[in-house]
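Order of appearance sets the numbers: ligands from 1, and atoms from 1 within every ligand. This chain uses plain numbering: 1 for the first residue, then up along the sequence.
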Amino acid sequence: MNNRIHYTKPSITELEVRYATDAAANGWGEKCYDYIHRFENAFKAHLDVEYAIATSSCTGALHMGMAALGIGAGDEVILADTNWIATAAPIVHLGATPVFVDILSDTWCLDPELVEAAITPRTKAIIAVHIYGNLCDMDRLLEIGERHGIPVIEDAAEAIGSVYKGKRAGSMGKFGAFSFHGTKTITTGEGGIFVTNDAELHERVLTLSNHGRARGQTKQFWPDQIGFKYKMSNIQAAIGCGQMERIEELILRKREIFKYYLSYFSKNGNVKLNFEDGETCIGAWMPSIVFDENLNITREDLKRKFEEENIDGRVFFWPLTSLPFFATTSQNYNSHNIPKRAINLPSYHDITKSDQDRVANAILDLMEKA
Ligand SMILES: *Cc1c(COP(=O)(O)O)cnc(C)c1O
């Protein structure tokens, strides 16, 4: 039997191990924040933003950011139906209501027209999720947000390395959130980061992130409000510092893997891979393939074929409105239809060309028989 082809795994070198070892041995006492601050500074420089707060997860960064915007009971937040649950859960935790709109068939991201149509007097934010590293139409979303006085938040968990008109994903909205979960382009095991250019918002999130203790509060153990505990540890940040020194290489490698898949399929009018045009350059976190309806290739066919070939392919995100607790009567056609004929392709940094060939040939084989 052929070796198993995994769909993601991190790229960890001697550098990350050395930093983590140093943090475990020496990163205590007055050094207990050194790697955290170094990691935050490296990420700020990479993204070209003013402020960053490392967190225990992207979910936590989103939760605190939305809390700091004052989102709460009775409010609505607009996001794409095609999404991981992590973007929606904090909205619910804050007592607000997620409003799911459909995606565009090419970028698989928010349809700006539907976003505008979904705005009500209760709308308090729009979350632009750059799904699979593809980019939302930020100019239009920001314009809509501005016209209605509604902040646009970027969930850039999947968009490390993605660039929209010269700006990095996560740096354009009111705030951005990233994930460093083990499956993402760079990792700290578990982890995330909150980023913004808004000094006041940064200060509010900083206070919230420290159990509600304001910077400058001189009284010890004195919270000024109820906050959160979503911190990244110094040891995790040490691994992150190693990853940040390699970030350009890690993004480049993701793009190489994507382009190699593209070389197999770009001339085939019946399939779509991640979207890129003259104004966008994607970080290609998760190369994915969507088959035209007329091919009659289903998610189940794909999963079966991949299983036969010992390839770990993952299904395209289920629409959140297919979950019983989010079910609505309105149908978002693309969000419900695209996942039925799509699959994520293995894309970890160390994947070999011959393993990519195996993945591509498994797909071509299915297409021949379709
Ligand atoms: C991975 C992911 C998250 C969650 O990240 P965590 O660090 O696991 O909280 C949020 N949003 C999107 C789009 C993701 O892919």
Using a 4.0 Å heavy-atom cut-off, say whether Thr59 meets ligand 1 through its side chain, its backbone, both or neither. both

Check Cys58 against ligand 1 and report side chain, backbone, both or neither, counting heavy atoms closer than 4.0 Å. both

So that I can tick it off, tell me whether Glu300 and Arg304 are bridged by a salt bridge, with the cut-off set at under 4.0 angstrom between side-chain N and carboxylate O. no

Within a distance under 4.0 Å of any heavy atom of [X], pick out the atoms of ligand 1 and give their elements.
X	answer
Ala157	2 (C), 3 (C), 10 (C), 11 (N), 12 (C), 14 (C), 15 (O)
Thr87	11 (N)
Gly191	7 (O)
Ala86	3 (C), 4 (C), 10 (C)

Do the non-hydrogen side-chain atoms of Phe178 and Ile160 ever get within less than 4.5 Å of each other? yes

Is the count of non-hydrogen atoms from other residues, nucleotides or ligands lying under 6.0 Å from Lys184 atom NZ greater than 12? yes

Tell me if the CD atom of Gln217 is crowded by more than 12 foreign heavy atoms within 6.0 Å. yes

Is there a nitrogen or oxygen of Lys184 sitting under 3.5 Å from a nitrogen or oxygen of ligand 1? yes

Is there a nitrogen or oxygen of Asn83 sitting under 3.5 Å from a nitrogen or oxygen of ligand 1? no

Asp198 to Tyr51 - nearest heavy-atom pair and separation: C-CE1, 4.0 Å

Considering non-hydrogen atoms of the protein only, which is the closest contact for [atom], and what is the distance?
atom	value
atom 15 (O) of ligand 1	Glu158 OE2, 2.4 Å
atom 8 (O) of ligand 1	Ser179 OG, 4.0 Å
atom 11 (N) of ligand 1	Asp155 OD2, 2.7 Å

Decide if the gap between the ring center of [X] and the ring center of [Y] is smaller than 6.0 angstrom.
X	Y	result
Phe306	Tyr7	no
Tyr19	Phe39	no
Tyr132	Phe316	yes

